[in-house]
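The structure appears below as structure tokens.
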Amino acid sequence: KVADYPFTTLAPNLGVVRTDANRSFVVADIPGLIEGAADGAGLGHQFLRHLQRTRLLLHIVDLAPFDPDADPVRDARAIVNELKRYDPALHEKPRWLVLNKLDLVPADERGARVKAFVKAYRWKGPVFAIAAVTGEGCREVVFAIQDWLDVHPAYAPVGGGVAEPIDTGADS
């Protein structure tokens, strides 16, 4: 079920992203978190548990929210706070900022709007601006993720605590 109101998505959705014949990765699209998720609000604990198994978090924020009273910077900070409250290790995972709904921002204002958000949010990491509905910017994000995953392979503990790469059958 897809709709533009809260709590539409009730379970994480997994998908395989193929970037080449032998290169792919799995994406877990989890429902949006809300304030109080670390305390179990909504389905917070169920969703946060899924994040613990990831290598890279994409924090997707609507750059042009439908609610005129919404404050995307405040909302983004609230979600990061929930990650930290739930599990400090989760908060420390690599995280990229993806600003979505670029298509709803006039073309001549996009750069300034992205810069203003990044400055207000005090973000120092990777930033991508996309329009998911049109695909604008999505290719760049996908290939950046694949490149990052190639450099940061998954490891799993093997008897005696020695870590070895996981063979996923793909080059990711």
Side-chain angles (χ1 to χ4, degrees), residues 1-9 11-34 37 47-48 50-84 90-154 168 170-172:
K1 182 168 152 182
V2 175
D4 64 352
Y5 58 86
F7 304 108
T8 303
T9 306
N13 293 294
L14 300 179
V16 176
V17 178
R18 295 216 176 276
T19 57
D20 201 351
N22 296 316
R23 294 176 76 204
S24 64
F25 58 91
V26 176
V27 171
D29 176 14
I30 70 153
L33 297 173
I34 60 171
F47 300 160
L48 287 163
H50 286 281
L51 296 179
Q52 290 176 310
R53 295 188 296 256
T54 64
R55 287 186 275 163
L56 176 65
L57 299 174
L58 299 180
H59 190 164
I60 302 175
V61 177
D62 288 349
L63 196 57
F66 289 115
D67 181 355
D69 296 328
D71 180 349
V73 172
R74 184 198 68 227
D75 295 344
R77 284 187 182 137
I79 297 308
V80 172
N81 187 48
E82 293 302 317
L83 297 177
K84 190 174 192 176
L90 184 57
H91 177 263
E92 295 302 319
K93 279 188 181 261
R95 187 172 61 247
W96 293 358
L97 180 62
V98 179
L99 300 174
N100 190 23
K101 297 193 179 171
L102 198 61
D103 55 304
L104 298 179
V105 177
D108 61 336
E109 295 177 22
R110 291 176 182 177
R113 183 85 67 90
V114 168
K115 280 184 182 179
F117 182 95
V118 169
K119 182 178 179 180
Y121 190 52
R122 297 187 188 123
W123 181 251
K124 304 289 186 215
V127 178
F128 296 88
I130 69 167
V133 73
T134 66
E136 182 181 349
C138 294
R139 182 177 174 84
E140 291 82 0
V141 175
V142 165
F143 281 94
I145 293 167
Q146 182 70 71
D147 291 344
W148 188 91
L149 292 171
D150 289 347
V151 174
H152 301 87
T168 61
D171 289 340
S172 60

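It should be emphasised that the depicted structure is a prediction, and the values quoted were computed from it without experimental measurement.
- The side-chain heavy atoms of Phe117 and Trp123, taken from C-beta on, include no pair separated by under 4.5 Å.
- Listed by chain and residue number, Val73 satisfy the side-chain contact (heavy atoms from CB on, under 4.5 Å) test with Ala120 (two or more places apart in sequence, or in another chain).
- When the salt bridge (Lys or Arg N to Asp or Glu O under 4.0 Å) test is applied to Arg77, no partner is found at least two apart in sequence or on another chain.
- For Lys93, the side-chain contact (heavy atoms from CB on, under 4.5 Å) test picks out Thr54, Leu57, Leu90, with sequence neighbours left out.
- Partners of Arg139 under the side-chain contact (heavy atoms from CB on, under 4.5 Å) rule, at least two apart in sequence or in another chain, are Phe143.
- Distance check, rounded to the nearest 0.5 Å: NZ of Lys84 to CD1 of Ile79 gives 15.0 Å.
- Side chain of Asp20 to backbone of Asn22: no donor-acceptor contact under 3.5 angstrom is found.
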Side chain to side chain contact (heavy atoms under 4.5 Å, CB included) assessment of Val61 paired with Asp75: CA-CA 9 Å; Val61 177; Asp75 295 344; over 6 Å; no

Residues Leu58, Ile145; criterion side chain to side chain contact (heavy atoms under 4.5 Å, CB included); working and verdict: CA-CA 10 Å; Leu58 299 180; Ile145 293 167; 3.5 Å; yes

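- With sequence neighbours left out, the side-chain contact (heavy atoms from CB on, under 4.5 Å) criterion links Glu136 to Leu102, Arg110, Ala131, Thr134.
- One finds the NE2 atom of His59 at 9.5 Å from the CG atom of Leu99 (value rounded to the nearest 0.5 Å).
- Side chain of Asn100 to backbone of Ala132: a donor-acceptor contact under 3.5 angstrom is found.
- Listed for the Arg95 side chain is no donor-acceptor partner under 3.5 Å among the backbone atoms of Leu56.
- For the atom pair Lys124 NZ and Leu97 CG, the distance stands at 13.0 Å (nearest 0.5 Å).
- Contact of the Arg18 side chain with the Phe25 side chain is not registered, since no non-hydrogen atoms from C-beta on lie closer than 4.5 Å.
- With sequence neighbours excluded, the residues that form a side chain to side chain donor-acceptor pair (under 3.5 Å) with Asp62 are Lys101.
- Residues Leu14 and Val27 have side chains not in contact (no heavy-atom distance under 4.5 Å, counting atoms from C-beta outward).
- Listed here is the closest heavy atom pair of Pro72 and Ala70: CD-O, 3.6 Å.
- Within the 4.5 Å cutoff, no side-chain heavy atoms of Tyr121 are placed close to those of Arg74.
- Between Asp150 and Arg23 there is a side-chain heavy-atom pair separated by less than 4.5 Å.
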